[in-house]
Amino acid sequence: MKVLIVGSGGREHAIAASVAKSPKVDMIYCAPGNAGIGQIAECVDIGAMEFDKLVDFAKEKEIDLTVIGMDDPLVGGVVDKFEEAGLRVFGPRKNAAILEGSKAFSKDLMKKYNIPTAGYENFDSPEEAMKYLETAKMPIVLKADGLALGKGVLICKTREEAMEGVKTLMLDKKFGEAGNTIVVEEFMTGKEVSVLSFVDGKTIKIMTSAQDHKRAKDGDQGLNTGGMGTFSPSPFYTDDVDEFCKKYIYQASVDAMSQEGRPFTGIIFFGLMLTEDGPKVLEYNARFGDPEAQVVLPRMKNDIIDVFEACIDGKLDEIDLEFEDNAAVCVVLASDGYPVSYEKGFEIKGLEQFDGKDGYYVFHAGTKLDDGKIVTNGGRVLGVTAKGDTLKEARANAYEATKLIDFDNKYMRTDIGKEL
Ligand code: AMP
Ligand code: GLY
């Protein structure tokens with residue numbers, strides 16, 4: 001069969017690598033892809049938001065299955081476009097992708113269906129938000145309602161910071177329309193865990209757990225980024241936590257969406273915080289995590305095509321999802337200066353040393369081909385993933401492997417998966 005993947009980051013490279021393992025697949029296309037994806041797929045010069053072109057391409061090439069990796073096209077309704085054209089596609093429709101596309105929607109959903117989450121209020125007026133903040137308990141969290149590349153969340157320690165935050169999001173519109181509405185949320189503390197799941201509209205199957213390191217610098221200092229590294233499984237995701245989430249969060253979220261007339265098919269990514277009062281939902285995403293996918297998918301035993309098809313056909317209950325009994329760590333190699341400003345266009349050396357190296361992966365995030373050479377083309381450049389019998393071993397393997405790769409301005413955190 002022929003598969004089209006939509007997206008261009010490390011997540012899409014990890015999806016493509018899993019798809020490439022399926023004996024059912026003869027040809028993979030990726031729009032727009034990157035230099036690494038280009039080694040296992042044919043990259044097509046169509047942007048992820050160019051829905052009509054994507055549909056035309058899928059028709060012309062007689063694509064059997066399209067997999068949408070990114071949040072923007074999902075929230076914008078790309079799945080509906082493919083379905084209208086009679087094409088098979090994996091991902092939630094627009095009316096379900098709102099689970100990620102609007103934080104105000106997801107908070108209201110959780111409240112209505114008693115799914116554990118932080119207390120909150122939604123505001124579409126800056127004056128009302130500021131009035132509320134005059135007496136609210138600090139610290140407090142402000143979130144832009146819409147998509148903001150994971151950066152629309154402000155944690156405010158003082159009332160002054162919170163007032164300034166309302167101005168940034170709602171008046172200065174730092175994240176554009178995404179800040180027309182904001183969620184003002186109770187500040188929580190605890191370990192964070194990412195749990196990805198496959199969903200077919202009614203059945204949900206949970207993947208192995210993972211944890212992301214979102215801050216740019218060691219010791220969780222510096223600015224929030226898209227993610228500087230991940231490990232899987234999370235030792236904090238215990239059997240008790242799993243049992244609680246199965247009882248109160250996972251199926252409840254899927255059922256809530258179908259009761260709202262928005263059946264969800266695709267990936268639900270639960271961002272959880274393990275608080276003293278039990279696990280609570282920080283956020284939902286409607287896609288694989290990036291770089292969570294880079295540690296979860298290499299550990300999955302199933303043929304990913306079978307799982308995608310079962311989701312589309314509403315037969316996920318027939319799938320036994322299985323993961324290897326080991327661990328994986330992904331260290332992101334970034335361009336120094338990310339997430340603020342950084343240079344691009346430097347040649348990346350050493351990639352060939354990973355060819356045929358079992359248990360090791362280099363997922364490309366921001367790379368491109370330039371005159372036959374692979375060069376840096378983004379803030380997050382590569383994700384180096386290694387497996388091991390234990391997290392400690394996987395971590396040692398991943399950091400050893402980062403030494404094989406070199407490019408100007410290479411930057412990474414040195415504490416991914418430390419202190420486990
Ligand atoms: P989100 O995009 O909603 O996951 O938020 C991004 C990050 O902000 C999370 O991964 C947390 O580290 C932090 N965060 C979000 N909401 C809260 C909260 N209510 N309390 C404490 N930290 C939070
Ligand atoms: N790594 C967090 C995310 O994909 O949203």
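Just so you know, residue 1 is the first one in the sequence shown, and it goes up from there. Order of listing sets the numbers, starting from 1, for every ligand and every atom in it.
The pair Arg287-Asp72 does not count as a salt bridge, with every side-chain nitrogen at least 4.0 angstrom from each carboxylate oxygen. By the 4.0 Å N-to-carboxylate-O rule, Asp220 lies close enough to Arg413 to be salt-bridged with it. Between Lys387 and Glu324 there is a salt bridge, since at least one side-chain N of the basic residue sits less than 4.0 Å from a carboxylate O of the acidic one.
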- Item | Stepwise salt bridge (charged side-chain N to carboxylate O under 4.0 Å, His left out) test for Lys24 and Asp306 | CA-CA 9 Å; Lys24 301 190 173 77; Asp306 292 344; 2.6 Å; yes
- Take Asp313 and Arg88, measure what salt bridge (charged side-chain N to carboxylate O under 4.0 Å, His left out) needs, and give me the verdict at the end. CA-CA 10 Å; Asp313 296 333; Arg88 265 171 93 73; 3.1 Å; yes
- Message: One pair to check against salt bridge (charged side-chain N to carboxylate O under 4.0 Å, His left out): Asp108 and Lys112. What are the steps and the verdict?
- Response: CA-CA 6 Å; Asp108 288 347; Lys112 182 168 172 188; over 6 Å; no
- Are Asp172 and Lys167 close enough, and set up right, to give a salt bridge (charged side-chain N to carboxylate O under 4.0 Å, His left out), and what steps lead you there? CA-CA 6 Å; Asp172 302 345; Lys167 185 169 169 290; 3.3 Å; yes
- Message: Quick one, Tyr411 with Tyr342, criterion ring pair (Phe, Tyr, Trp, His ring centres under 6.0 Å). Give me CA distance, side-chain angles, the key distance, then yes/no.
- Response: CA-CA 11 Å; Tyr411 170 80; Tyr342 47 84; over 10 Å; no
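Among protein heavy atoms, atom 21 (C) of ligand 1 sits closest to Met188 O, 3.1 Å. In terms of protein heavy-atom proximity, atom 16 (N) of ligand 1 is closest to Lys143 NZ, 3.1 Å. Atom 9 (C) of ligand 1 has its closest protein heavy atom at Glu192 OE1, 3.6 Å. Among protein heavy atoms, atom 8 (O) of ligand 1 sits closest to Val153 CG1, 3.6 Å. Remark: minimum distance from atom 2 (O) of ligand 1 to any protein heavy atom is reached at Glu283 OE1, 3.2 Å. Among protein heavy atoms, the minimum distance from atom 19 (N) of ligand 1 is reached at Glu185 OE2, 2.6 Å. In terms of protein heavy-atom proximity, atom 22 (N) of ligand 1 is closest to Ile155 CD1, 3.6 Å. Counting protein heavy atoms only, atom 17 (C) of ligand 1 is closest to Leu282 CD2, 3.4 Å.
Residue Ala118 has no nitrogen or oxygen atom sitting less than 3.5 Å from a nitrogen or oxygen atom of ligand 1, judged on distance alone.
Contacts between Glu186 and ligand 1 below 4.0 angstrom, taking non-hydrogen atoms only, involve the backbone exclusively. Under 4.0 Å from ligand 1, not a single heavy atom of Thr189 appears.
A centroid separation of 6.0 Å or more is found between the aromatic rings of Tyr284 and Phe269.
Taking every heavy atom of Lys214 and a limit of under 4.0 angstrom, the matching atoms of ligand 1 come to 10 (O). Ligand 1 places these atoms under 4.0 Å from at least one heavy atom of Val141: 16 (N), 17 (C), 18 (C), 19 (N), 20 (N). Taking a cut-off of under 4.0 Å to the non-hydrogen atoms of Phe187, the atoms of ligand 1 that pass are 20 (N), 21 (C). Ligand 1 places these atoms under 4.0 Å from at least one heavy atom of Lys103: 1 (P), 2 (O), 3 (O).
A cation-pi arrangement is present between Lys191 and Phe236 under the rule of less than 6.0 angstrom and at most 45 degrees off the ring axis.
Judged by distance alone, the side chains of Lys107 and Thr117 do bring a donor and an acceptor atom under 3.5 Å apart. Residues Asp124 and Thr181 have side chains that never bring a donor and an acceptor to within less than 3.5 angstrom of each other.
Applying the salt bridge (charged side-chain N to carboxylate O under 4.0 Å, His left out) criterion to Lys315, with sequence neighbours excluded, gives no partner residue.
Annotation: ligand 2 has protein neighbours Asp212, Gly226, Phe269, Asn285, Arg287, Gly289, Asp290, Pro291, Glu292, each with a heavy atom less than 4.0 angstrom from the ligand.
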